[in-house]
Every structure is written in C-alpha cells, then in structure tokens.
There are 2 protein chains.
Amino acid sequence: MAHDDVQPASLACGDCPIQHRAVCARCDADELEQLEKIKYYRSFEAGQTIIWAGDQMDFVASVVSGIATLTQTLEDGRTQMVGLLLPSDFVGRPGRNRAAYNVTATTDILMCCFRRKPFEEMMERTPHIAQRLLQMTLDELDAAREWMLLLGRKTAREKIASLLSIVARRDASINMSPSARQMVFDLPLTREAMADYLGLTLETVSRQMSALKRDGVIELQGKRHVTVPDMDRLLLEAGDDSDGGFLI
Amino acid sequence: MAHDDVQPASLACGDCPIQHRAVCARCDADELEQLEKIKYYRSFEAGQTIIWAGDQMDFVASVVSGIATLTQTLEDGRTQMVGLLLPSDFVGRPGRNRAAYNVTATTDILMCCFRRKPFEEMMERTPHIAQRLLQMTLDELDAAREWMLLLGRKTAREKIASLLSIVARRDASINMSPSARQMVFDLPLTREAMADYLGLTLETVSRQMSALKRDGVIELQGKRHVTVPDMDRLLLEAGDDSDGGFLI
DNA sequence: AACAGAATTTGACCCAGATCAAGCAATATC
DNA sequence: GATATTGCTTGATCTGGGTCAAATTCTGTT
C-alpha cells in the first residue's frame, strides 16, 4: 500500500528502466543491469485473479499501473480484503514460495515481475534493497493496523467515511493540492469490493452512501463519481483523531 | 505467568550478549561489540504504559521477557489491540521517531533497548540486520492480515475460539508437543484485553467463554486456566480452513 | 477471618447491521 | 430497439452482539 510519505513523483525514478521505488531508487548502473536480466512484465484484465492463495510463487512483483486487491477467505465464502495494491506497491515475499492471499485485478493491471531466486540472491548482495523493502513493509504494517482499528471498532458510517477520505486523499495527492476543501474523485471499487474491504455487506455500504449523500457529506454523480464539498466534515465523520489516512 | 520463566531455545543465540534473534543471529564479534555499546535495559511493571502513541522514540527495542500489547484508540475511548509483543519481538522502527501505538505491559516486562540513531547507522553497515528485520516484519504483516479476516468476518464465537487456539498453540510450542490432542494453558490476557483484541465487548467475551464451556469445547479451572480436551474441535470452532495460527 | 476492590459472570433489553427480497438503472448483446 | 446482464438501491424483517445493571467470584490487605 502506498502512503502519505510517498509522493507520486517519486514513483518514476529517473532513467531507471524498472521505475520502481522498491528496487531502483538507489541502484547503480550495474545493479540495474542485473535487475533488467531477471525481470519481465505481465498484464491482467480487470476481474482476473492474478494469484490464488496457496499457489506456488516463482516471482516477486511490483505494480506498474492499475489496482489489485489482496483478499483472504473462509471456506464458507466469507471474504475480507486485507490490502490494496496500487502502482509502485510490491507483492510477494523473499523467502517464501507460497502465496498467502488471493490477488485480484480490479482494473486492467500491469505488473513488473522479478524471478524469485535471482531476486533473493541479489537482495543478499545489495543491502539497500532489503532496507527499502523493510521501509515499505513497515508502512504496510502500519496501514494494516490502522485498518484493524477500523474493522474492530468503527461504525458502518465511520467505515465508509474513512474509506472515502482515504481514496480522496490519495487521489488528491496525485491530482491536486491535498489541502483543498472540496474534492472530486472516482471510486475505484464496486460496492461489493468496498464491503469486503470494510467488513460490511454491500447493502449496508449502499445504505450508508445514501445516508451520507442525504446528509450533505458527499454528492454522487452516477455511482462512482464522488464530490466532497467539505473534507473536514468527511474526516470528522470518519472518526479519526489524526488527520486521516495512513492507509493507501 | 508461564511465559516469564520459559524461554524458547531459539531465542538465545549462542554467546551473543543481546540474545535477540532480530539483531544478533548472524552478528560477528565486532558487530556484537558495537551493539553492546548502544544497548541498555528497561523494565516495566504489569499495567504500565511503556510508550504513548505520538511519543518521541529515541530507541528501538526487543522484548526479553514478559508480554506487552500494541493498541490504537479513537478519541472517544474505543480501543483496538493491533498486536502483541512476546519475548524476542521487536518494537520501534528505524527511520521514524514517533510512536504510532500505545505500548502497554500486561505482565512485568524487560526490554532490551538500542539507541535509535546508532542503531540505524549500524543497520546501514550491517545488511543482515535489515534482512532479519524484513523477515520479522513480513511475518507480522501476515499476522495482522490474518487478524483482519478475524475482525471483519468472524462471529464472536469464532473469534474466541481463534484466540484460544492461537494461545494454546503458542504455549504448546513452548511446553509440549504441538500435535497433542489435549492442551492445558493459562490465558495471559484479561477478559477486557481479549475483548480489545477481538473487537468485542468484555461481556460478549465472557458469554462466549461460558458457551464454549457449556458445549464442552473447553474446560475452565478458575478464570485463567484453560483445558482443551480436543484441539481439533476447537480449531473447527475457530472456522479456519488452515490449521490455525499464523498469529502470535 | 473479614473486608474492599477488581475482575468476571449473568440477565434483560435494545439496536446496528445482516438477511431476504424487490425494484431500478446502466451497460452489453442480439 | 428490445432484452439480458450486472451493479446498485431500497424496503421489511431478523438477530448477534452491544448496553446497562446486578450478582458473583477472585485477590489482596488489614
């Protein structure tokens, strides 16, 4: 998951052919050449499952463009989203060859993959890769823990408001000044995906969206296009004491 | 408490004075000497808050003995536990000087601390420390995500059964063969702490404990001492498809 | 042993969110 | 242009777990 400290500009790192913050921010020419040899691209269509939980993983990868979700399921079909993969996010872990989650493309997606074994060997020789991955993993852990608070203790309305403010914030950091009061963005998730993320049913998501609209917290044009007239109001509804999103 | 006196063999790494898997498993004599210089011990009593969210952190640390919890709170007082710190676990992150969570001792606890700046500098020079921390952080992330599934999608009864099976499993890995059908252990948590961990109220925890007892899934001697006559039954109640605990 | 205080259990009641079931709107297919 | 298909909304009803309150252990102290 990406974070507030990661500026979109930092995603493309100069003339690095991989253009990925996890592995190339501090790579020298020699290291980049090594990476070049073990890398390949894979693309998936929206809705495709990229990796099934339990699958053999012979690669680690980073998202170049598009969005994917990490989900866990109970055998009776209950599913919980446990993470989002946004451009520049990393998936797969050195040292383990089985996937722990389902990874599903929610939009068309392009992944930059590295063969696992050589990547691990390279990591041994190239300390700053482990350091960078540690940094990213710690960010993800913070995000996951923030989400635990949401899942365990927030009301449905607060959950929705939290998700909206997070998406708004991320969109804003890409499209406009993050301090603007009014924000406009498209939801990258269906109601069902929102429900899976928030630990709710899609009906409750829909009802709370309608409630927030009725109360003037948000405006909806169509189903995906959202206008937030007053971000402070939305953040208040989210129930966070802090200024909002660690998440995403 | 059982955990104070029993240390898994793997925690003590040879003649390393720090005896901590995060930082010394592959340290040579020279590195150990450096660590020795920046380390100190702190101890806390059960109930004490070790670190407040937002506090300045001038150290990173690992638990030598005892148990602590990581909690997040909303400003109206709702709290959610987001992690447990057990002996050998690491807390604090290189590269950030503000704590993100409250850390509270649930038993008397001894921590081995390293001054942050020199630790970071040492990490730069000593690749395997970052590699080890990455490994540990990835494990924690998996645990957090497993917990997200629990928080978002499991019923109260399943949550309790999950927690019990996790504690049983961890205890078993210390005290006896993990494959035994019957298990006996002490809960290291109060009902309130269990509730904070599971995203429930303490009344619901109590009720579900009683229900599991009534249904013969567990036996209770006193409030903390638990006997599980049939671990498979408990795991079934936990609703996991896998064989249980990534967690803890 | 008796008491105080905390932790836990149990009961009665309530409500947020789940479930079940229709309708509606937008897009894709023929 | 008619018709599925898919995603979303809304309504009616039910229920798991929350809330409030009162016992009942347990623990430590005098």
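We use all heavy atoms of the structure for the numbers below, so side chains are in, but hydrogens, waters and symmetry mates are not.
Scored by the side-chain contact (heavy atoms from CB on, under 4.5 Å) test, A:Lys154 finds A:Leu150, A:Glu158, A:Lys159, A:Ser162, A:Asp240, B:Leu74 as partners (sequence neighbours excluded).
A heavy-atom distance below 4.5 Å is not found between the side chains of A:Phe44 and A:Val103. Between B:Leu198 and B:Ile160 there is a side-chain heavy-atom pair separated by less than 4.5 Å. For the pair B:Ile218 and B:Met209, the minimum side-chain heavy-atom distance is below 4.5 Å. The shortest side-chain heavy-atom distance between A:Glu146 and B:Gln72 falls under the 4.5 Å cut-off. Within the 4.5 Å cutoff, side-chain heavy atoms of B:Leu164 are placed close to those of B:Leu234. Using a 4.5 Å heavy-atom threshold, the side chains of A:Met81 and A:Thr104 count as separate.
Between chain B and DNA chain D, the heavy-atom contact criterion of under 4.0 Å yields a 5' to 3' nucleotide range of D:dG17 to D:dC26. First and last contacts of DNA chain C with chain A, using any nucleotide atom under 4.0 Å from a protein heavy atom and ordered 5' to 3', fall at C:dG17 to C:dC20.
Residue contacts shown for A:Gly47 are absent, as no nucleic acid heavy atom lies under 4.0 Å away. Nucleic acid contact class of A:Arg224 (heavy atoms, under 4.0 Å, all strands): sugar-phosphate only. Contacts of B:Leu202 with the nucleic acid, taken as non-hydrogen atoms under 4.0 Å apart, include base atoms. Heavy atoms of A:Ser206 sit under 4.0 angstrom from at least one base atom. Among the protein residues, B:Thr190 comes within range of the sugar-phosphate backbone only, with heavy atoms under 4.0 Å from sugar or phosphate atoms but none that close to a base.
Among A:Leu151, A:Val82, A:Leu84, the single residue meeting the side-chain contact (heavy atoms from CB on, under 4.5 Å) criterion with A:Tyr197 is A:Leu84.
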